[in-house]
Amino acid sequence: MEGAGRWRVSVSGKAKDLLAAVGRSLAKPRAGGGGQGENEAFGDAQVVRYEGISMLALEHVARRIERGDVPVEVVVAKRDLAGGEVAKGTVMEVVGKGKGMVPYREELVELGSGDARPLKPEEWSIENVCAFFVLPLTRDTGVFYLDLVDPSEVGKRFQGSFVSQARRTNFSGLVQGLRRQFQGQDASNVFVWLDIFSANQPLLTRRDDKLQARMEALTFGLHRAIDRFDQTVIYWDDLFDPVPLTRAWCVWELYGAVKGDHDVQIVFDDAGHSAVEDALFQGPVSPTQNSKDLFELLNRLTPRSMDCHSPEDLRMITKAVEQLPGGFGALKGAVTRNLTRWLVFQVEGVVKRFEDVDDDLEVAWMLVRAGNFLRQAVGELKAASSYLKRARTIFEAMGDQAGLATALDAIGNVLLDERRYAQAEQQYQDALELRRKELGPDHHQVGETINNLGVALLNEGRFDEALETFDQAKAIYGGDSDSRQVELASTLNNIAIAMRKKGDLLGARRNYEEALAIKRAELGARHVEVALSLYNLSLLAQEQGDLSTALDFAQQALAIFVEVVGAEHDHTQHAEGQVRFLTQKLNSQK
């Protein structure tokens with residue numbers, strides 16, 4: 001797996017108290033160990049019911065909010081109020097002339113002229129729907145929202161989809177995403193479980209000495225309940241910055257689905273679907289770590305970035321996930337498998353919509369990005385090659401030399417993956433000639449192509465030529481005012497590989513370590529590129545006869561691979577094999 005790196009072109013205080021009570025209850029065993037009945041196994045039926053509402057009923061709620069048919073007047077603060085206690089943007093209920101009340105607080109807020117404005121229908125969050133729609137309709141009678149819905153629009157127990165969502169995300173976006181997910185199906189016969197409708201909100205927001213017990217009833221057996229639904233659906237509010245992966249309790253629900261070997265589907269609103277096309281037309285061709293690039297999105301996603309207001313709850317959830325086989329990698333795998341399939345489908349759809357366009361440079365650049373994504377994310381080399389060659393034809397026809405050079409370089413990457421090294425070398429030489437002519441000899445894109453050319457030479461066994469070529473790329477990055485540190489690290493890694501092939505193990509170690517230090521500083525400690533450097537250092541230490549150090553590097557690499565790319569990825573499998581081999585070797589020497 002030793003890989004030469006070529007460029008991948010391409011809430012209030014009370015609400016917090018409630019959540020803290022949930023976390024503490026999950027960390028404790030329920031009193032009275034055995035002989036649980038079905039209600040007890042899945043929680044108190046007075047607090048939570050595992051029956052969903054139909055999409056028809058959900059659409060009805062959405063329409064009421066859209067037309068302002070809600071039980072209370074809802075406004076949003078236009079400035080800080082109450083001496084800064086109520087921040088600008090806080091949503092509250094109007095409870096009297098010139099008075100407002102923030103959910104889960106007892107104090108009234110004075111509202112003067114111009115202090116607040118009506119909350120627009122499209123601004124309603126899922127939490128707003130709970131506080132200003134569900135609660136006002138159910139508080140006085142203490143019923144579930146389900147009790148207000150026609151019985152025909154309430155599903156059977158565990159029928160349909162368990163929907164995981166972050167309360168602060170947009171309600172209309174959630175409805176859009178679910179509408180897309182179940183498009184073409186009978187809305188009266190599709191059922192979704194959402195806690196705001198299927199948990200007893202009056203009981204869960206009543207502050208008394210039984211609150212803790214009610215919270216336990218809500219959360220006890222949650223994972224067994226998730227496992228009983230047909231599938232788990234996660235509403236992802238932003239393609240590149242999804243809130244659910246940053247919220248510990250959403251990660252907890254994902255953990256429940258993965259632990260039960262449950263199907264996990266991600267749903268996106270209309271903006272999420274548009275974001276794919278935007279990335280293909282406007283994203284970078286040479287992505288950086290934080291850029292809106294589809295492949296980099298898959299790399300950097302990790303549930304480990306979750307946060308929680310309660311350190312105790314965060315520790316509990318982290319410990320539970322880490323005890324799961326595969327740990328955070330299992331959770332990421334569940335998400336990225338589905339996300340990758342969805343992205344591939346969306347990318348192919350965008351390309352198809354423009355299949356008859358052969359005279360638009362923007363389409364050509366879109367094809368480059370699409371081809372790069374298919375090659376990097378799923379290894380679809382045939383489709384990638386087709387997209388890139390079509391882009392090349394458009395660039396040639398329209399005389400765009402910079403675009404042509406990029407397409408040639410990307411085609412070289414495909415040929416390299418196909419192990420057609422001599423043909424890849426020719427593509428890189430042609431791209432290099434164009435880039436030098438268009439950009440000058442010291443531009444970072446020239447360095448990218450020189451580095452890629454060196455990889456082709458390295459794979460052809462021409463180690464001296466490869467080293468000379470990598471040195472040229474290194475010199476460009478060393479003098480580049482843009483400070484292309486990640487690219488420099490990749491070239492240093494390639495130099496190390498060439499040195500190792502030539503038997504210069506000390507030189508290889510020095511370059512591997514320098515590359516690793518740069519990658520950690522630029523990409524973070526748990527990036528796949530960091531793991532690749534650690535794996536390469538393991539191979540080198542093994543060759544130097546230092547098996548203990550080799551094992552340590554391999555174990556570090558394996559831990560990152562499992563978390564970042566998942567247990568089934570080739571990188572993970574190779575690292576597991578290295579750990580197993582070195583462990584056996586060391587044990588045999590005792």
Side-chain angles (χ1 to χ4, degrees), residues 3 5-10 236-246 266 268 272-305 328-329 331-333 335-347 350 365-380 384 387-388 406 409-410 413-414 417 444-445 448 451-452 482-491 493 515 518-533 560-561 563-566 569-571:
R6 60 181 178 278
W7 303 128
R8 293 180 304 225
V9 182
S10 15
W236 208 323
D237 62 309
D238 186 308
L239 178 61
F240 290 97
D241 189 21
V243 170
L245 289 191
T246 70
I266 305 172
F268 296 89
H273 285 254
S274 299
V276 177
E277 184 166 330
D278 290 345
L280 289 176
F281 274 95
Q282 302 169 18
V285 176
S286 298
T288 59
Q289 183 198 10
N290 296 315
S291 63
K292 290 194 173 183
D293 173 78
L294 299 178
F295 182 66
E296 278 300 310
L297 165 66
L298 296 176
N299 270 334
R300 68 174 180 259
L301 284 178
T302 172
R304 188 181 283 275
S305 62
F328 280 96
L331 269 58
K332 171 163 181 169
V335 170
T336 54
R337 279 193 298 273
N338 182 279
L339 179 60
T340 301
R341 287 194 299 268
W342 181 82
L343 285 173
V344 168
F345 180 77
Q346 297 300 317
V347 167
V350 172
W365 285 107
M366 178 272 289
L367 289 166
V368 170
R369 297 182 185 99
N372 287 336
F373 173 74
L374 289 186
R375 178 184 68 82
Q376 294 168 316
V378 290
E380 285 283 353
Y387 294 172
L388 293 168
T406 300
D409 193 86
N413 290 341
V414 174
D417 284 356
H444 68 84
Q445 289 185 8
E448 291 173 8
N451 179 80
N452 293 344
D482 291 335
S483 185
R484 314 292 294 195
Q485 291 298 296
V486 176
E487 291 90 334
L488 174 60
S490 184
T491 296
N493 181 78
I518 294 172
K519 289 179 181 180
R520 279 177 167 157
E522 297 292 320
L523 302 174
R526 307 193 74 79
H527 193 279
V528 64
E529 288 292 337
V530 171
L532 285 168
S533 284
I560 298 171
F561 283 140
E563 178 179 329
V564 177
V565 298
H569 197 281
D570 284 349
H571 290 346

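Nearest approach of A384 to V414, heavy atoms of both residues: CB-CG2, 4.3 Å. Nearest heavy atoms, A279 versus F240: CB-CZ, 4.0 Å. Here the shortest heavy-atom pairing between L280 and R369 reads O-NH1, 2.8 Å. Residues I560 and A525 approach most closely at CD1-O, 3.4 Å, considering heavy atoms. When all heavy atoms of A531 and F561 are compared, the closest pair comes out as CB-CE2, 3.4 Å. The two residues L388 and L367 have their closest heavy-atom pair at CD2-O, 4.2 Å.
Using cut-offs of 30° and 60° on the angle between ring planes, the pair F268 and H273 is perpendicular.
A 4.5 Å side-chain heavy-atom check between L523 and V528 finds every atom pair outside the cut-off. The side-chain heavy atoms of L297 and L339, taken from C-beta on, include a pair separated by under 4.5 Å.
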ask   = Are V486 and I518 close enough, and set up right, to give a side-chain contact (heavy atoms from CB on, under 4.5 Å), and what steps lead you there?
value = CA-CA 7 Å; V486 176; I518 294 172; 5.7 Å; no

inquiry  = Run E448 and D409 through side-chain contact (heavy atoms from CB on, under 4.5 Å) and show every step you take.
reply    = CA-CA 9 Å; E448 291 173 8; D409 193 86; 5.6 Å; no

side-chain contact (heavy atoms from CB on, under 4.5 Å) evaluation trace for V344 with E380 = CA-CA 10 Å; V344 168; E380 285 283 353; 5.7 Å; no

Intermediate values then yes/no, side-chain contact (heavy atoms from CB on, under 4.5 Å), F373 and L343 = CA-CA 9 Å; F373 173 74; L343 285 173; 3.7 Å; yes

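A distance of 7.0 Å separates CG of N413 from CG of N372, quoted to the nearest 0.5 Å. Here the straight-line distance linking atom CD of Q346 with atom CD of E277 works out to 10.0 Å at 0.5 Å rounding. Between the CD atom in E522 and the CD atom in E487 there is a gap of 9.5 Å [rounded to 0.5 Å]. Here the NE2 atom belonging to H527 is positioned 14.0 Å from the CZ atom belonging to R520, to the nearest 0.5 angstrom. Atom CG in L298 sits 7.0 Å away from atom NZ in K332 (nearest 0.5 Å). Here the OG1 atom belonging to T246 is positioned 15.5 Å from the CZ atom belonging to R304, to the nearest 0.5 angstrom.
Under a 3.5 Å cut-off, the side chain of S533 and the backbone N or O of V530 do not form any donor-acceptor pair. A donor-acceptor contact shorter than 3.5 Å is absent between the side chain of N493 and the backbone of A515. Although no hydrogens or angles enter the test, the distance criterion places no donor-acceptor pair under 3.5 Å between the side chain of K519 and the main chain of S490.
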